[in-house]
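The structure under discussion appears below in the form of structure tokens.
Bear in mind the structure is a predicted one, so any value in this text is a computation, not a measurement.
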Amino acid sequence: MPTILGQNQYGKAENRVVKITRDGATHHIKDLNVSVALSGDMDEVHYSGSNANVLPTDTTKNTVYAFAKEYGIESAEQFGIHLARHFVTSQEPIHQARIRIEEYAWERIAASDANSQFIGADEVKHSFVRKGQETRVTQITYDGEKWEVISGLKDLVVMNSTNSEFWGYVKDKYTTLKEAYDRILATQVSGRWRFNWTDDDQRMPNWEKSYEQTKKHMLQAFAETYSLSLQQTLYQMGSRIINNRSEIDEVRFSLPNKHHFLVDLEPFGLKNDNEVYFAADRPYGLIEATILRDGCEAKIPMDLTNL
């Protein structure tokens, strides 16, 4: 045979599942996009077309919905762990399961006093608006013995309107950028962090608390760092997480620099005293780096595009 089969996997991608938990009149929403990828003894289906070892992707889809009912969705991480364990332990040919989940957050709509009285309740507890901030993400990989959990977020736009400078950089004959001693620093955060929970004998993190606290430390570091470069801010964000969250060993960020350029208002006889900016969407600087706990090995992929 002149060719051989390399790495392969299969599954059902982007299963959209919304779970409503009804606690009396108070409702809670978990809104997930779940992708399942399975690998193992799958050579024969590629070579001869035999499906003897193949669990249909339609079955993996059905499992997602059934597990939402059977186990509920405590967190994206916990739900992914239930799924990964099930696929590896219930199907002998499957040696590894990778579960990727995006979570879309919702917040309650506050009703007017008049409307609350009209429906006979002190507060509306079943109406929500989709949050327009970040998308929460997680990837769970399980091989029957070891776990790898990488969580994070994407599309979180943040800005400091001052306390940012950029000067002292290399200049050559193509350099036109002027040094800045008071500039806007804005970025759209894509970040991932790897947990040091790897087997069932360890105490499992509180996934919901960990996410909220990690995001809090990341944002506080962004706000509190007097920035001389976006690289410096990135490092402080990752360091703050590592130093405050013992369950996390590695953080990787991809931060596009969302440039804001002062508009020249002199043609109109106006002085622009750091007040009016042009927000440029492209091209943009892209700053990426990994921050590690001392003694730990980097395992988060450099390219976060598909993670």
Side-chain angles (χ1 to χ4, degrees), residues 11-23 26-37 60-87 97-109 125-142 147-158 187-195 197 204-219 237 241 245 247-248 250-255 300-301 303-307:
K12 188 73 85 175
E14 300 201 46
N15 301 280
R16 292 286 282 107
V17 55
V18 176
K19 176 66 166 62
I20 307 295
T21 301
R22 292 174 170 83
D23 182 12
T26 302
H27 295 180
H28 307 274
I29 293 179
K30 281 291 188 180
D31 185 351
L32 306 183
N33 188 20
V34 183
S35 293
V36 177
T60 68
K61 174 204 69 177
N62 293 342
T63 305
V64 169
Y65 294 118
F67 271 37
K69 169 63 178 177
E70 291 184 54
Y71 296 100
I73 302 176
E74 175 185 322
S75 67
E77 288 86 355
Q78 188 64 64
F79 190 63
I81 287 168
H82 281 312
L83 288 169
R85 190 192 306 277
H86 167 78
F87 289 124
R98 186 197 70 201
I99 312 297
R100 286 178 172 168
I101 300 176
E102 295 180 342
E103 178 176 346
Y104 311 116
W106 294 78
E107 58 186 355
R108 299 187 187 282
I109 297 174
K125 301 177 181 178
H126 58 263
S127 298
F128 302 83
V129 60
R130 193 51 191 268
K131 284 187 178 180
Q133 296 183 354
E134 81 278 7
T135 297
R136 180 176 170 178
V137 298
T138 191
Q139 174 177 290
I140 294 93
T141 306
Y142 182 54
W147 296 93
E148 182 184 75
V149 180
I150 299 173
S151 294
L153 54 79
K154 61 181 181 179
D155 299 332
L156 179 64
V157 180
V158 293
T187 186
Q188 183 169 316
V189 180
S190 180
R192 304 292 186 275
W193 42 89
R194 179 174 55 83
F195 293 90
W197 179 78
M204 189 179 294
N206 182 325
W207 305 112
E208 296 292 275
K209 179 180 178 181
S210 179
Y211 179 81
E212 294 300 326
Q213 290 294 308
T214 299
K215 179 184 172 184
K216 181 192 76 170
H217 290 301
M218 178 188 71
L219 290 177
M237 291 163 65
I241 293 170
R245 301 307 304 174
E247 72 274 20
I248 294 171
E250 178 185 5
V251 181
R252 183 165 180 82
F253 285 117
S254 177
L255 303 183
I300 299 176
D303 184 2
L304 300 182
T305 305
N306 294 315
L307 178 62

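Applying the side-chain contact (heavy atoms from CB on, under 4.5 Å) test to Gln188 and every residue at least two apart in sequence or in another chain returns Asp155, Val157, Pro256, Lys258.
Heavy atoms only, all atoms of each residue included: Ser210 and Glu247 are closest at OG-OE2, 2.6 Å. The minimum heavy-atom distance linking Leu32 with Ala76 is given by the pair CD2-CB, 4.5 Å. Nearest approach of Ala84 to Ile140, heavy atoms of both residues: CB-CG2, 4.1 Å. Residues Leu255 and Ser190 come closest through the heavy atom pair CD2-N, 4.3 Å. When all heavy atoms are compared, the tightest approach of Tyr211 to Gly152 is CE1-O, 3.6 Å.
Note on ring orientation: taking the six-membered ring where Trp is involved, the planes of His82 and Phe67 are perpendicular (angle over 60°, cut-offs 30° and 60°). Ring-plane geometry between Phe195 and Trp207 is classed as perpendicular, the angle between the planes exceeding 60 degrees on a 0 to 90 degree scale with a lower cut at 30.
Note: His86 NE2 to Ile99 CD1 = 10.0 Å, rounded to the nearest 0.5 Å. Distance CZ/Arg100 to CD/Gln139: 4.5 Å, rounded to 0.5 Å. Separating the CD atom in Gln133 from the CD atom in Glu107 is a distance of 7.5 Å, to the nearest 0.5 Å.
With a 4.5 Å cut-off on side-chain heavy atoms, Lys215 and Val189 do not count as touching. Using a 4.5 Å cut-off on side-chain heavy atoms (C-beta onward), Tyr71 and Lys19 make no contact. The side-chain heavy atoms of Lys216 and Glu212, taken from C-beta on, include no pair separated by under 4.5 Å. Two residues are said to be in side-chain contact when any heavy atoms from C-beta on lie closer than 4.5 Å; Trp106 and Val18 fail this criterion. At least one side-chain heavy atom of Leu153 sits less than 4.5 Å from a side-chain heavy atom of Met218.
Annotation: Glu14, atom CD; neighbour count of heavy atoms from other residues, nucleotides and ligands within 6.0 Å does not exceed 12. The number of heavy atoms from other shown groups lying within 6.0 Å of NZ (Lys209) does not exceed 12.
A salt bridge links Arg136 with Glu77: the closest approach of a Lys/Arg side-chain nitrogen to an acidic carboxylate oxygen falls below 4.0 angstrom. Ion pairing of Lys30 with Glu208 is present here, as a side-chain N (NZ or NE/NH1/NH2) and a carboxylate O approach within less than 4.0 Å.
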